[in-house]
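In what follows, a single structure is set out as structure tokens and then discussed.
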Amino acid sequence: MPPHGYSPSGAVLNEWARGDLAVTGQMQLFGRFLVRLMTTAITLLGVAVIVFVVIRVVPGNPIAMMLPPGATEADIATLTALYGLDKSIFQQFVIWAGGVLQGDFGMSITTRQPVLALVMGRLPATLELSVMALVMAVFLGGAAALGGTLRRGTRTEGAIDVGAGMALSVPDFLWGLVLILIFGVLWPVFHISGRVTPSLDLPFSSNFYLFESLLRFRFDLWADIVSHMFLPALALAIPLAAIIAQLLKQSLKETMHLDYVTLARTKGYSEIHVITREALPNAILPTLTLVGVQFTFLIGGTVIIERLFSYEGLGNMAIDAVINRDLPLIQGIVILFAVIFTGVNLLVDLSYALLNPRLRHG
Amino acid sequence: MAEGRGQITRRAGLRLWLAGLWLTALVLAALLAPWIAPKDPLAQDLFLGRLPPFWVAGAEPGFLLGTDSLGRDVLSRILYGARIALVVAVVAGSLTCLIGATLGLLAGFLRGWVDTVISRLIEIWMAFPPVLFSILLIAVIGPGLSSIIIAIVVIDWTRFARVVRAEAMAQGAMDYVASAQVAGRRRGSTMWVEILPNVLPTIVVLLTLEMGIAVIVEAILSFVNLSISTDDPTWGGMIAEGRSSIHHAWWVIVFPLITLFLTVLSFSQLGEGLKDRFDPVLR
Amino acid sequence: MSYLQIRHLSARLVGAKDRLLRDVSLTVERGQVHGLVGESGAGKSMIGKAVLGILPQSVEIVEGSIELDGVDLLQLSAAERRRRIGAHCALIPQDPLTALNPSRRIGPQITDRLVQILGWDRTRAETRAVQILGEVQIEDAARVLRSYPHELSGGMRQRILIASAFAAEPKLIVADEPTTALDVTVQKQILKLIAQMQARHGTALLFVTHDLGVVSKVCRSLSVLYGGMVVEDTAVRPFFAGPQHPYARALLAATPKYTDPLASLQPVPDAVIAQVRQEVKASDKGWFHV
Ligand SMILES: Nc1ncnc2c1ncn2[C@@H]1O[C@H](COP(=O)(O)OP(=O)(O)OP(=O)(O)O)[C@@H](O)[C@H]1O
Ligand SMILES: [Mg+2]
């Protein structure tokens, strides 16, 4: 499916979702899971090899860049040897991969700190942003789908269709800019930069600020964090919300024609009850698969959105790392993203199998 | 109900027209930029920095949409920016399409080890965060127009490959392919003569959508300062410039943003419209 | 005493000129079975759906009344209508394979309405479910109530749907071709079951079918439909003795006789079709002025 976190083509997405379902139905659950684990491992290895090679064909020595202008050739040579950059790419890869298997991702060249610690320090910020965006997308998209189904065939439904079409056509980056203009400048109700107001004292012991502020009942901090997160999360959420709205509405409407839904209507239930209790549980499965895959795109979108909103997460750090040619850090971040993406996909497959009563009890 | 259906088609038709109109205007602007741009897009004049657009008090005649912090004319830069945007859209879009669709067609029709290799590659590609990947590529091959195009092709070919592969697989399972084989058509020729024409509408739609995406990618790369040179007029670069002065000179970001927004929207509406035209069953 | 009384009911596709139901009037007496026959597309299901308030959104009622126990449903607010229908009516659907929600267990699909709409307490509803399943000859009710629909056979599911319809002791049940989707061998049992349950509970039944043979065995009275129009509305006995309308007569001639299944069947003659078409058209005269 398309990169850049969005796809303008609902129908095509639908095709993919259906294809995936068919495969799930055909194969034995456990066997499928094993195969998935193996291909995931191959995928991760492939990602590692590609980043490793790509960033090492960079013209110009990263070590030379980080030293002050007066540094001697000897200084450069010592440092290059220190970071292992004098060896062949293959040797470097073997050393690096050996370290990774022991949890050692090397040292960042610019900050001279372990990559793993740096990355893990930033990961919570990105996770909180992504999950917040996902929740917003599910909420917005679900509401639009339910509303459109409730008012099917009316102008309301038409308006929802047009709105979703627009929301889907424009990627998160542009929505971010639009939101900055509207809610950051025109009507400044939200913060447009950073993760938390710098002057605040933070009592946190982890980097999950949003989560921890709730645990500590620091609602003042919580509100400040949400106010910083709201716009970037919304920008990430809008395209996904549109996909959810389109797909869920379509499958809801298909389900609404089925006999058991009609039967439920004769029993005296309200339309809302019929939709949410009878139709929704059956209509949600195709959407769920798709949301899982789309969630990885959303996470991929955080890279540029964090940059746009100066949000101190993984993506922002990644762009800095690229600009500074911090090879070990780039490697670490890309691998982490790949692990998250493939992990989410695995989870989606698994939850699909668990949620489908036909597979569970078949 | 019949009436409602008619309305929907009419509205979709209108959207298609508007999108076409905007893109035509853009092509004209790009072609005629040297003649219609009121100023030199690169000319700096620090005394004329951050002039507001013409209807706001303090505007200077001649700078219709105002100037940026270096005193460059916003309108002229937008017009010249259309050149870069459209070149990227057309060249990167077509190349991506060519490579991605070919790989997808091969994988979907030939199946076997070809499919295994290509599918595995797609899966690896899908595990990269695309924006980061493109930034990384530009950092490696160095900024410039051709680098941007290369980066887009390298990253986005999977979009085509995935869809075309699925579509070619579906077509390959149809009876008409079997009967062509029975009639003695060779596999390679079946692919070009029987499968490709049926997949072509999908490819054209994807191509249109990809052009919109290419414009966005260029803007994103300009935004992180990795596109072309910072002087060259690109919409993304203008937006990055405007982002830093958003509170005192909103026009620097607003006009390129509107242009970019409408362009991306138009490409995707065009794609959706084409999809409806080609395949009434899809909707 | 009539329980359901439909008067001059006309319906059409929203925005279309032609009507799907043309001035339909019929009566279902308390505790009696009324048959609704006609060829495919005659509008039989449409009438059933109108009574139960589940017409597709693309169909609108343009005139007439549907009185349930003396109250015109069409005059009520949507919520009130829904509540009334839910409390007093039920549907036995055509296709048992699609009429049960695949993602929910059987139990709640029977009891939810008793609890949520009729306000029973849960234990009473569950006892009732077991009891009513017993009435339709399902023995291991406890297991069935815990099952998902896909774990049960088609005949079993149809029994469940019948039980579910009778569970709340409705006054009126609409059965829309309840056996056409089933195996021929199961059809008879299910028909017999519906007839038994109807007699035992004294429920009024609007029985939709295109099989006059079934009507002769199950129904007390019947309406023959053609093109959304009632061409004959009479008691069963006089009907089978000799229908008034030529179309009804032809339809009867086209039905295999119970007594003589091998007798040659007459398709409905073209002349009769032409005549009834004429009548349908005539009934549309002057209608547009309304
Ligand atoms: N959802 C709908 N939208 C539009 N027209 C419909 C719809 N459902 C049914 N119709 C039309 O209404 C008419 C009556 O249909 P109905 O389903 O009542 O026929 P029926 O007598 O039950 O036939 P069958 O024996 O096939 O079930 C038909 O002409 C049909 O085409
Ligand atoms: Mg019917």
Side-chain angles (χ1 to χ4, degrees), chain A residues 1-5 7-9 11-12 15-16 19 39 42-44 46-47 50-51 54-55 57-59 153 158 161-162 165-166 168-171 173-174 177-178 180-181 184-186 192 296-297 299-304 307-308 315 318-319 322-323 325 330 333-334 337-339 341-342, chain B residues 1 4 7-8 11 15 120-121 123-133 135-140 142 155-156 158-159 162-163 166-167 170 202 205-206 209 212-213 216-217 219-220 223-226 239 243 246-247 250 253-254 257 260-261 264-265 267-269 271-272 275 279 282-283:
Chain A
M1 250 170 277
H4 308 298
S7 152
S9 166
V12 175
E15 280 308 303
W16 282 322
T39 54
I42 297 174
T43 303
L44 289 179
V47 170
I50 290 175
V51 223
V54 164
I55 58 180
V57 296
V58 187
D161 284 345
V162 172
M166 282 254 306
L168 199 55
S169 304
V170 175
F173 173 64
L174 279 187
L177 286 163
V178 170
I180 285 182
L181 277 175
V185 179
L186 220 55
I192 55 172
T296 62
F297 297 147
I299 298 173
T302 59
V303 174
I304 193 67
R307 191 67 171 183
L308 188 56
I319 294 181
V322 172
I323 291 171
R325 302 265 159 91
I330 298 173
I333 295 174
V334 172
F337 270 114
V339 168
F341 286 9
T342 47
Chain B
M1 187 159 154
Q7 271 170 3
I8 290 166
R11 211 184 303 138
R15 284 204 305 236
R120 195 61 56 230
L121 271 183
E123 214 159 284
I124 292 174
W125 248 252
M126 302 301 294
F128 276 102
V131 173
L132 184 53
F133 197 12
I135 292 171
L136 193 58
L137 279 177
I138 298 290
V140 169
I155 290 162
D156 266 4
T158 55
R159 277 171 51 76
R162 285 190 60 135
V163 182
E167 192 102 327
T202 312
V205 171
L206 283 178
L209 300 176
I213 291 174
I216 274 290
V217 174
I220 287 179
F223 182 80
V224 292
N225 240 331
L226 279 170
I239 289 171
R243 167 79 173 86
I246 197 164
H247 288 287
W250 52 267
I253 188 169
V254 166
L257 180 58
L260 184 57
F261 196 94
V264 172
L265 196 62
F267 271 120
S268 99
Q269 292 303 325
E272 294 287 317
K275 186 163 68 190
D279 193 356
L282 260 180
R283 281 279 127 159

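Below, read A as the first sequence line, B as the second, and so on, with proteins coming before strands; counting in each chain starts at 1.
Counting heavy atoms from C-beta on, the side chains of R243(B) and I180(A) come closer than 4.5 Å. Two residues are said to be in side-chain contact when any heavy atoms from C-beta on lie closer than 4.5 Å; I50(A) and F128(B) meet this criterion. Counting heavy atoms from C-beta on, the side chains of T302(A) and V131(B) never come closer than 4.5 Å. Looking at heavy atoms from C-beta onward, I192(A) lies in side-chain contact with H247(B) at the 4.5 angstrom threshold. Using a 4.5 Å heavy-atom cutoff, the side chains of P129(B) and F341(A) are in contact. Inter-residue side-chain proximity for V264(B) and P171(A) is flagged as met; some heavy-atom pair is nearer than 4.5 Å.
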| field | L132(B)/I304(A) under side-chain contact (heavy atoms from CB on, under 4.5 Å): CA gap, chis, key distance, verdict | value | CA-CA 8 Å; L132(B) 184 53; I304(A) 193 67; over 6 Å; no
| request: Take F223(B) and F173(A), measure what ring-ring contact (aromatic ring centres under 6.0 Å, His included) needs, and give me the verdict at the end. | output: CA-CA 10 Å; F223(B) 182 80; F173(A) 173 64; 5.4 Å; yes
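Taking CG from L174(A) and CG from L260(B), the interatomic distance works out to 4.5 Å, rounded to the nearest 0.5 Å. Note that CG of L121(B) and OG1 of T43(A) are 10.0 Å apart. Values are rounded to the nearest 0.5 Å. Within the model, atoms CG of L265(B) and CG of L168(A) stand 11.0 Å from one another, a figure rounded to the nearest 0.5 Å.
In terms of the side-chain contact (heavy atoms from CB on, under 4.5 Å) criterion, residue partners of L137(B) (sequence neighbours excluded) are, by chain and number, V54(A), F133(B), A151(B), V154(B), I155(B). Applying the ring-ring contact (aromatic ring centres under 6.0 Å, His included) test to F337(A) and every residue at least two apart in sequence or in another chain returns nothing.
For a residue to count as touching a neighbouring chain, one of its non-hydrogen atoms must lie under 4.5 Å from one of that chain's; by this rule L44(A) does not touch chain B. Interface remark: V339(A) contributes no atoms to any contact with chain B (heavy atom separation under 4.5 Å). Only the side chain of T342(A) comes within contact range of chain B, with heavy atoms under 4.5 Å apart. For L308(A), the parts lying near chain B are the backbone and the side chain together; criterion is any non-hydrogen pair under 4.5 Å. Looking at W250(B), neither its backbone nor its side chain comes within 4.5 Å of chain A, counting heavy atoms on both sides. Contact of T39(A) with chain B is made through backbone and side chain together, with heavy-atom distances under 4.5 Å.
In this structure, R307(A) contributes its side chain and V224(B) its backbone to no donor-acceptor pair below 3.5 Å. When atom types are taken as modelled, the side chain of R120(B) and the backbone of G46(A) share no donor-acceptor pair closer than 3.5 angstrom.
Contact tally against chain B (heavy-atom pairs below 4.5 Å) for L177(A), I42(A), I330(A): the top residue is L177(A). Of the listed residues V47(A), V303(A), T296(A), V51(A), the one with more heavy-atom pairs under 4.5 angstrom with chain B than any other is V47(A).
Nearest heavy atom pair, residue S169(A) against residue Q269(B), reads OG-NE2, 3.5 Å.
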